[in-house]
Every structure is written in structure tokens, then in C-alpha cells.
Amino acid sequence: MTETNRIFSGVQPTGNLHLGNYLGAIRNWVSLQGEYESLFCLVDMHAITEAQDPKALTASTLEGAASLLAAGIDPEKSLVFVQSQNPAHAELAWIFNCIARIGWLNRMTQFKDKAGKNRENATTGLYVYPVLMAADILAYKATHVPVGDDQKQHLELARDIAQSFNSQFGVDHFPIIEPLIFGTATRVMSLRDGTAKMSKSDASDFSRINLTDDADTIAKKIRKARTDPDPLPGHPDGLAERPEAKNLVAIYAALSNQTPEQICQEFDGATFSTFKPALADLAISILAPMADETARLRADPEYVRGILRTGAEKAREMSQPVLAATKEIVGFLAP
Ligand code: AQP
């Protein structure tokens, strides 16, 4: 397999992985891993751009790896590893910090959203987060990155960095990264607020379905999900002003590999007392076996650590020549 079909993608170990991470990212990764040479990374260095409890970060990293394996990431086909176990990411990020322009970073909407009103108090790590993301991808000369809508701007920046590096040094060293956008990728919203995205850092555990939740918990969370009193319409147009109902229909559609149109047709006129149990059954049939497998892997942390260790070793081998060539181009004296 050549560098022309290599993908890199990551997930932050900032808490339990959830249904949004699964439908928006992980299940797409699973389907890509046979087709592309794949690197999947627990990006703990990105996680610390906002304060993390050290013990929780370690636990979430191991748990996140178990969830990826349980969801179908196959270590025989893909590299699964922890970002901080390959120093190439940090080294390349520094070189890219000296390529990226402050003006480019000032345009990043995620920084503005995450820093909020307290911008002066945000870490410089959060500010240069997209530069590290460019290094994550380009340390392996990955050519394709599966991304959700929210990451498109960061990917553009990574392309700008690659192009700017190549033109500053007059080389054709870094590839121009292409996004892999999924037609079926779903933006899963909070079960408590249909206008906010389902997120690991939401204070309410009832806002999300964790990939570690057992069948009873999944059923309870769907039963308690916020909805409105109206029955479901026969067409998704009727959901335009009903964000919570729209979200549940979208989740059902994504889990059953159907379109919202098909779900509205099937449940036309149904109330939530009919729809929610059907959704719970569907979600449990897909997610509960994953949670069981995660629990089995949790009981064998050495196995998971071994997979991560091997993954990091291979990742270091893969990035080493890229980093060495990059340093030579920049003019760093070889040791
Ligand atoms: N709600 C979501 N719907 C669809 N896709 C989602 N992703 C995350 N939430 C949803 C996708 O999952 C991948 C990994 O995300 P991440 O963990 O790196 O970062 P995030 O998007 O910041 O996720 P969270 O849960 O919101 O984390 P916190 O709370 O720590 O900020 C990405 O491809 C993302 O698009």
C-alpha cells in the first residue's frame, strides 16, 4: 500500500466516548480500515489544551482505546496508538508553529467557541491546537482525513501549512491533504437539548449515550430524552422546528442505515411512547454488545496497553523518516 491512501484520525480522551463519536467518526473509521492504510490516535496532547485531571486522563485513554477496539477497529488492519507516545507530533508541531501565521489562527472558530469570553485566560496550547493537528496528519504524510463538519476549518489550515512549508523551502515534501466527508455522517445532538452537540464534557450524563452504557442505562436515557408532545410527522420537513425530535429521528436513521425520510414514513403519526422504545431496542442491539466487549477489555488492561505499545512503535517507525527529512529541509544539523 502506498502513501497515496493513508488516513489519520483522532479522538480526544477527555471522557467516555459516546454515540456522537461513534456515528460521526468511529463507525466510519471501521469501514475505511480495509480500504486505506489507517492510523487512529487517542490525542491526549490535544486533550490537555484544556485542564484535565491526570488520573482521569490516563483512565480515559485506556478506556477510549478499549472502546475503539470494541467498536471494530482491528489492530491487525489499523494502527491504534496514543499521541504522546510518539514525540514526532510535538517536534513537527514546533516546526509548523514557525510556518503558521497568527492571522490564520485568529480565524479559527473552534478556538473562539472554546475560549469563550475568557480569551486571555485560554492556554496557548488551545490556540495552536490546529497546528498540532496538522503535525498529527503530516508526520505520517497522511493524504486523507475523515472529518466532521466542525473540523473542516482545521483541515484547511493543515493544507495551508503543508503548502506554505513546500513553497517556503521550494520542495514537494508534504502532500496536500484531502478531507473524507461522509454523506452518512451524523451530527448527534444532546438528549437534553437538541440544539447542542452531544459532548463528553457536558455536565449531564443524561445528555449522551456513552459507549460503555449497559442496556438498562441506554433504555433509561432514551426514555428520559427531552421531546415535545406532538406525534412524528410523515416527512422530515415537519421536524424543522423540533430539534429534539429531529435528533432522535436522525439517530434512529443513522443506527438503522436508513434516511430520516424512511423513518418518518415508517413512524408517521406515532407518539414518542411508541418511537422511544423502538429507538431504545435498536440502540441496545448495536451498542450493548460493544459495551460488553469494552468491559471484557477493561478487565485485561495489559492486552490493551500491548496493542497501544505496538501501535506507537509502528507509528514512530513510520514518522521517523518524514521528521528526519523535514529537519534536513529546514536546515537542522543532523546529529
Ligand atoms: N455529537 C457529535 N456528533 C457527531 N460527531 C461527533 N464527534 C464528536 N462529537 C460528535 C466526532 O468525533 C470525533 C472525535 O471527537 P473529539 O473527541 O476529538 O472531539 P470533540 O468533537 O470535541 O468531541 P466532544 O465529545 O465534544 O469532546 P469534548 O467535550 O472534550 O470537546 C471527531 O471527528 C468529531 O467530529
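Whatever order the structure lists ligands and atoms in, that order sets their numbers, starting from 1. Because only heavy atoms are used, hydrogens play no part in the values below, and waters and symmetry mates are left out as well, while side chains stay in. All residue numbers refer to positions in the sequence shown, counting from 1.
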So which protein heavy atom does [atom] come closest to, and at what separation?
atom                    : result
atom 34 (C) of ligand 1 : Asp150 OD2, 4.2 Å
atom 9 (N) of ligand 1  : His18 CE1, 3.5 Å
atom 5 (N) of ligand 1  : Gly20 O, 3.1 Å
atom 28 (P) of ligand 1 : Ser201 OG, 3.6 Å
atom 17 (O) of ligand 1 : Lys200 NZ, 2.3 Å
atom 20 (P) of ligand 1 : Lys197 NZ, 3.4 Å
atom 18 (O) of ligand 1 : Gln12 N, 3.3 Å
atom 31 (O) of ligand 1 : Lys114 NZ, 3.4 Å

For [X], does the [atom1] atom sit with more than 12 other heavy atoms under 6.0 Å from it, leaving out its own atoms?
X      : atom1 : result
Lys112 : NZ    : yes
Gln262 : CD    : yes
Asp113 : CG    : yes

Using heavy atoms and a 4.0 Å limit, tell me yes or no: is Gly10 in contact with ligand 1? yes

Just by distance, no angles: are the side chains of [X] and [Y] close enough, under 3.5 Å, to form a donor-acceptor pair?
X      : Y      : answer
Gln153 : Thr109 : yes
Ser256 : Gln258 : yes
Tyr127 : Asn106 : yes
Ser31  : Asn28  : no

To the nearest 0.5 angstrom, please state how far the CG atom of Asn166 sits from the CD1 atom of Ile176. 6.0 Å

Salt bridge or not between Asp202 and Arg208? Use side-chain N to carboxylate O under 4.0 Å. no

Would you call Lys314-Glu317 a salt bridge at under 4.0 Å N-O? no

Could you report the tightest heavy-atom contact between Phe8 and Val145, atom names first, then the distance? O-CG1, 3.5 Å

Could you tell me which atoms of ligand 1, counted from 1 in the order shown, lie closer than 4.0 angstrom to a heavy atom of [X]?
X      : value
Val188 : 1 (N), 2 (C), 3 (N), 4 (C)
Gly24  : 4 (C), 5 (N)
Arg187 : 3 (N), 4 (C)
Ser199 : 24 (P), 25 (O), 26 (O), 28 (P), 29 (O)

Could you walk me through whether Glu178 and Arg159 pass the salt bridge (Lys or Arg N to Asp or Glu O under 4.0 Å) check? CA-CA 8 Å; Glu178 296 296 336; Arg159 288 167 65 106; 3.6 Å; yes

Which bit of [X] gets closer than 4.0 Å to ligand 1, counting heavy atoms only: side chain, backbone, both or neither?
X      : value
Ala25  : side chain
Gln110 : neither
Glu50  : neither

Out of Asn16, Asn21, Leu42, who gets a non-hydrogen atom closest to atom 8 (C) of ligand 1? Asn21

Heavy atoms only: which of Leu19, Asn28, Thr14, Val11 is nearest to atom 30 (O) of ligand 1? Thr14

Please say whether Met198 places an N or O atom under 3.5 Å from an N or O atom belonging to ligand 1. yes

Could an N or O of ligand 1 be found under 3.5 Å from any N or O of Gln151, whether backbone or side chain? no

